[in-house]
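Because the structure is a prediction, the values reported are computed rather than measured.
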Amino acid sequence: MTQSGQFRPIGRCVSVLASLGDRPQDTDEQQIQSHYLVFMGVSMVIAGAVWGALCALYGLWIPATFPFAYTILTALNFSHFRASKNFELTRFLQVLMSLLLPFLFQWSIGGFVASGAAMLWSMVALLGSLTFQNVRLGVAWLAAYLVLTVVSGLIDGSLQKFSPDIPRGVSTLFFVLNLGAVSTMVFGLTVYFLAKREEAKAKLGEMASVLKKMFGRYLSIEVMNSLIENPSALELGGERRTVTIMMTDLRGFTAISERLEPERVVQMLNAYFEVMLGHVLKYNGTINEIIGDGLLIIFGAPQEMPDRARRAIACAIEMQNAMSEVNIHNQSQGLPRLLMGIGLNEADVIVGNIGSSQRSKYAVVGSGVNMASRIESYTVGGDVLISETVHQAAADMLRIDGQRDVLPKGAEAPVRIYEVGGIAGNYNVALKDEHVLLAKLAREIPLRYATLEGKDVGHGDLPGSVVRLSRSTAEIRLSSMPEPMSNLKMNLRDVDDSLAVRNLYGKVIRATGTGATIYLLHFTSVPPEVDAYFQACLRYSDEAGEPPSHRL
């Protein structure tokens, strides 16, 4: 057996002994206190056994009863501790015994000199009281120790009369043992306590590093620091706060994901989020939730943010401009082009930790969140739409490219929304202009369409046709009069079956001036096969094209 193997059983015994009062819910600090109490008691039991044996050796039977009594009482106390896990009661009884019994032993053997100042053992109790109790209780135990010391001094002369005949060498040995053993025990327990404290501190630092790395994916450095400085912000509950809410969504992503393998969808989303979330953290936004292909971001919580609306707008513009980077990457990986819509709303909401003591999340709750989602639903892709409240908070710095009144689902009255093209001031960012040109086709492309109602396809399989076309926009002739911002599901006609079954989606922007049944439409999802067909048609168009109006 190796040397380390010889000591392994001892280590296991010590570990089992130290943890006899542990509870699953105990913190590291509580475990340190419990283990310290056990080690203190066991150390004094060993010392008590030595003292009791020495006293018995010299026929001092009455003094010998006190060290042996301490051993028995400590065993009973720790047995109760193991069964009840009641640390407070066990601590009180152990400190009380450790304080009283050395004085009783000293008085029974004849005072200071005869006992070798056995009262020094009570110092261990004082150290323990400071280690695992608060200062106020530690001072109370110190006061009790001083009272007992004064009483010992007052009665010491009387006690010496009853002192047994102990050889001078034995008395000296008692002094040496008491001073040496007490000093060693105090030093050893202090070293143990400090070592455990440092171990817990290192563990806490490692955990903090892991948490920072983990939550760094969700919060900016500033937000993380504010939570670390104010841990009460992590308690269950919420507070009313005015925040700017950002909702993002990829246009036609459901149709795109149906055409791709799940692994490719995840690959595409991860690349998209990698770019988008970098901009969110740059502007100190809090990533409240990733909802499929969408994001729910809040500005102004948990960290106060006086310029939250302007910061959110600048962030949204940079996110839209960064979509070109996302699509360049997608193209290199053989993935489809993505379009993102962003809606912003400012409102009073409840923010805080919602859930239970076992599991909770930092969330934002209120009708303002729903309104941000409704505003985002009016986007066609590549645009940033804001509510009236956001417009009021940053109007003097904004470039507004359009506005309109809409009636979102659940609203009692029309709501005005604005299309933002840029923001000035310290931010000074603007949306990139893609200069979309519509080319008139040599022959209109026939199609059939149905209006989407929410996530469902509405009634009708109506005829229509594409009149003019670009990569992302078209003028289409419809046989009905859809409301602006309606979503259409379309299929090509007069093509082979493999192409006719491919669904394409778009959002109606407005009626054009070229005819009552001709509308400007922005494509939100076009299958690669249909896109290739459109590009072939564009090569045979009658004219180079002209720009449409993208204003709301």
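- Across all their heavy atoms, V365 and V349 have their closest contact at O-CB, 3.4 Å.
- Atom-to-atom distance recorded for D405:CG and R416:CZ is 4.5 Å, nearest 0.5 angstrom.
- Between I476 and L488, the closest side-chain pair of non-hydrogen atoms falls below 4.5 Å.
- Residues satisfying the side-chain hydrogen bond (donor to acceptor under 3.5 Å, both in side chains) test with E289, not counting sequence neighbours, are K361.
- For S465, the side-chain hydrogen bond (donor to acceptor under 3.5 Å, both in side chains) partners are E444, not counting sequence neighbours.
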Residues L281, I287; criterion side chain to side chain contact (heavy atoms under 4.5 Å, CB included); working and verdict | CA-CA 8 Å; L281 297 180; I287 304 158; 4.0 Å; yes
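- Judged purely by atom type and a 3.5 angstrom limit, R241 uses its side chain to pair as donor or acceptor with the backbone of G300.
- Under the rule for a side-chain hydrogen bond (donor to acceptor under 3.5 Å, both in side chains), the partners of D307 that lie at least two apart in sequence or sit in another chain are R311, Y427.
- By the 4.5 Å heavy-atom criterion applied to side chains, I298 and T244 are not counted as neighbours.
- Checking side-chain atoms of T524 against main-chain N and O of Y505 turns up a donor-acceptor pair under 3.5 Å.
- Two residues are said to be in side-chain contact when any heavy atoms from C-beta on lie closer than 4.5 Å; R337 and N330 fail this criterion.
- Checked by atom type and distance alone, the side chain of D531 never pairs as donor or acceptor with a backbone atom of V526 at under 3.5 Å.
- Side-chain N or O atoms of K282 include none that pairs as donor or acceptor with a backbone N or O of L277 at under 3.5 Å.
- The shortest distance between side-chain heavy atoms of V265 and Q267 does not fall below 4.5 Å.
- Rounding to the nearest 0.5 angstrom, the gap separating the CG atom in L385 from the CD atom in Q403 is 12.0 Å.
- Nearest approach of L339 to V380, heavy atoms of both residues: CD1-O, 4.4 Å.
- Only one option out of L344, L296, N288 pairs with I245 in a side chain to side chain contact (heavy atoms under 4.5 Å, CB included); it is L296.
- The 12-atom threshold is exceeded at CD of Q333, counting heavy atoms of other residues, nucleotides or ligands nearer than 6.0 Å.
- Across N370, I375, V415, a single residue satisfies side chain to side chain contact (heavy atoms under 4.5 Å, CB included) together with P408, and that is V415.
- With contacts defined as side-chain heavy-atom distances shorter than 4.5 Å, the pair L478/T517 does not qualify.
- What you find for G421 and D401 is that their closest heavy atoms are CA-OD2, 3.2 Å.
- Within the 3.5 Å criterion, the main-chain N or O of S479 finds a donor-acceptor partner in the side chain of Y449.
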Take N284 and M305 through the side chain to side chain contact (heavy atoms under 4.5 Å, CB included) test and state the conclusion after the steps.
-> CA-CA 9 Å; N284 292 344; M305 196 177 292; 3.8 Å; yes
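- Under the 4.5 Å side-chain criterion, counting only non-hydrogen atoms from C-beta, L398 is not in contact with Y418.
- How far CG of D293 is from CZ of R251: 8.5 Å, rounded to the nearest 0.5 Å.
- A distance-only check finds a donor-acceptor pair linking the side chain of T248 to the backbone of L295 [under 3.5 Å].
- Here the closest heavy-atom approach between residue I317 and residue V384 is recorded as N-CG2, 4.4 Å.
- The line from OG of S257 to CZ of R264 is 14.0 Å long, rounded to the nearest 0.5 Å.
- Without hydrogens or angle criteria, N327 side chain to S324 main chain gives no donor-acceptor distance under 3.5 Å.
- Remark: side-chain polar atoms of E239 are not paired, donor with acceptor, to backbone N or O of V351 under 3.5 angstrom.
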Begin with the C-alpha distance, continue with both residues' side-chain angles, and end with the deciding distance and a verdict on side chain to side chain contact (heavy atoms under 4.5 Å, CB included) for L504 and N491.
-> CA-CA 6 Å; L504 57 152; N491 295 91; 5.5 Å; no
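- Judged purely by distance below 3.5 Å, without hydrogens or angles, the side chains of N321 and K432 never pair a donor atom with an acceptor atom.
- Legend: salt bridge (charged side-chain N to carboxylate O under 4.0 Å, His left out) pairs involving residues 491-504, not counting sequence neighbours, sorted by first then second residue: R502-E529.
- Taking CD from E483 and CE from M485, the interatomic distance works out to 12.0 Å, rounded to the nearest 0.5 Å.
- At distances below 3.5 Å, not a single donor-acceptor pair connects side-chain atoms of N428 with backbone N or O atoms of N426.
- With contacts defined as side-chain heavy-atom distances shorter than 4.5 Å, the pair R443/C537 does not qualify.
- Taking 4.5 Å as the limit, some side-chain heavy atom of M268 sits within range of a side-chain heavy atom of I256.
- The heavy-atom pair separating S480 from P482 by the smallest distance is O-CD, 3.4 Å.
- Using a 4.0 Å cut-off between charged side-chain N and carboxylate O, E419 and R404 make no salt bridge.
- Pairs of residues two or more places apart, or lying in two chains, that qualify as salt bridge (charged side-chain N to carboxylate O under 4.0 Å, His left out) and include a residue from residues 341-354 are R308-E346.
- Nearest approach of A312 to F299, heavy atoms of both residues: CB-CD1, 3.5 Å.
- Side-chain atoms of T389 and N345 form a donor-acceptor pair, as typed in the model, at a separation below 3.5 Å.
- Taking the charged nitrogens against the carboxylate oxygens, E475 and K440 have no contact shorter than 4.0 Å, which rules out a salt bridge.
- Expressed to the nearest 0.5 Å, how far CE of M247 lies from OG1 of T379 amounts to 10.5 Å.
- Side-chain atoms of R448 come within 3.5 Å of backbone N or O of D461 as a donor-acceptor pair.
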Dump the intermediate steps for side chain to side chain contact (heavy atoms under 4.5 Å, CB included) on H522 and D383, then the final yes or no.
-> CA-CA 11 Å; H522 193 97; D383 47 348; over 6 Å; no
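- For E258, the salt bridge (Lys or Arg N to Asp or Glu O under 4.0 Å) test picks out no residue, with sequence neighbours left out.
- The number of heavy atoms from other shown groups lying within 6.0 Å of CD (Q392) is above 12.
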